[in-house]
Amino acid sequence: MFTIYVYVLDTLADWELGYVTAELNSGRFFKEGAPRVSLKTVSSSKEPIRTMGGLTIVPDCLIDDIVVSETSLLLLPGANTWNDQKHGAIIEKAREFLSLGAAVCAICGATAALAEFGLLDQRSHTSNGPGFLEMVSPSYKGQSFYIDKPSVADCNLITASSTGALLWAKQIIEHLGVFGSDTLESWYEYFSTGEPEHFFALMQTLPSDSGK
């Protein structure tokens with residue numbers, strides 16, 4: 001079983017997590033025999049947080065409750081509050097994830113937090129532009145590893161810009177291996193183009209008893 005820890009913080013950018021959390025939690029397009037996935041929201045306290053969209057989330061667990069293993073994955077969403085020092089604890093936990101081979105997936109403002117702690121200095125990555133990282137993360141030294149794409153996967157580190165949520169979700173799902181390859185491609189093509197033929201292709205890739 002995979003455990004997906006979703007870090008939640010005030011002003012969390014709701015839309016950036018939508019594709020990946022919906023698919024991993026529902027399992028609606030999982031391949032036959034795919035491992036189960038458990039999603040847990042985690043924060044620095046059990047106090048409710050308010051997302052950018054005005055939704056209230058009560059964290060399931062605390063940072064100290066996180067179990068780091070190769071079957072753990074840490075999702076770090078964007079937010080306007082990453083410069084609060086209390087979030088340093090989750091970035092240190094991200095460092096532990098990466099060093100042990102567990103996956104860390106960061107998007108938008110969360111990439112800036114990784115950059116400030118030096119976690120992007122020697123790894124291929126992306127964000128909202130190298131200038132963005134230089135502006136908001138004075139300690140950033142990873143310019144030579146920056147790749148100008150919506151989302152970049154470097155082994156167990158997957159980073160994305162604020163406009164890369166769909167590709168980011170695809171790369172995370174691919175990392176976990178819970179979709180068949182043809183399912184994943186059809187899923188991505190459908191949601192990136194909206195063309196109905198990709199929806200029907202997606203349906204054709206699913207097990208015959210899917211949805212029962």
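Worth knowing before you read on, the calculation uses all heavy atoms, side chains too, and leaves out hydrogens, waters and symmetry mates.
Shown here for His175 and Cys155, the closest heavy-atom pair between the two residues is ND1-O, 3.8 Å. Nearest heavy-atom pair, Lys46 versus Pro59, reported as atom, atom and distance to 0.1 Å: CD-O, 3.6 Å.
Under a 4.5 Å side-chain heavy-atom criterion applied to ILVMFWY residues, the cluster that includes Trp15 comprises Met52 as well.
Pairs engaging residues 100-119 under the ring pair (Phe, Tyr, Trp, His ring centres under 6.0 Å) rule: none recorded [sequence neighbours left out]. For residues 144-169, the pairs satisfying ring pair (Phe, Tyr, Trp, His ring centres under 6.0 Å) are His125-Tyr146, with sequence neighbours left out. A ring pair (Phe, Tyr, Trp, His ring centres under 6.0 Å) check over residues 32-75, counting only residues at least two apart or in different chains, returns nothing.
The local environment of CD in Glu197 is crowded, with over 12 non-hydrogen atoms from other residues, nucleotides or ligands closer than 6.0 Å.
Val152 and Leu75 fall into different hydrophobic clusters, where Ile, Leu, Val, Met, Phe, Trp and Tyr are joined by side-chain heavy atoms under 4.5 Å apart, directly or via other members.
Checked against salt bridge (Lys or Arg N to Asp or Glu O under 4.0 Å), Arg95 has the following partners two or more places apart in sequence or in another chain: Glu92. Every residue was checked against the side chain to side chain donor-acceptor pair (under 3.5 Å) condition with Ser181, not counting sequence neighbours, and none meets it.
Ring geometry for Trp187 versus Phe179: interplanar angle over 60°, hence perpendicular rather than tilted (30 to 60°).
In the model, Thr205 has no side-chain atom that pairs as donor or acceptor with a side-chain atom of Asp182 under 3.5 Å.
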message = Quick one, Ser161 with Asn128, criterion side-chain hydrogen bond (donor to acceptor under 3.5 Å, both in side chains). Give me CA distance, side-chain angles, the key distance, then yes/no.
response = CA-CA 5 Å; Ser161 73; Asn128 300 332; 4.6 Å; no
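The only member of Leu76, Val42, Ile66, Val104 that meets side-chain contact (heavy atoms from CB on, under 4.5 Å) when paired with Lys93 is Ile66.
Put simply, the side chain of Glu116 gets close to the backbone of Ser139: a donor and an acceptor are under 3.5 Å apart.
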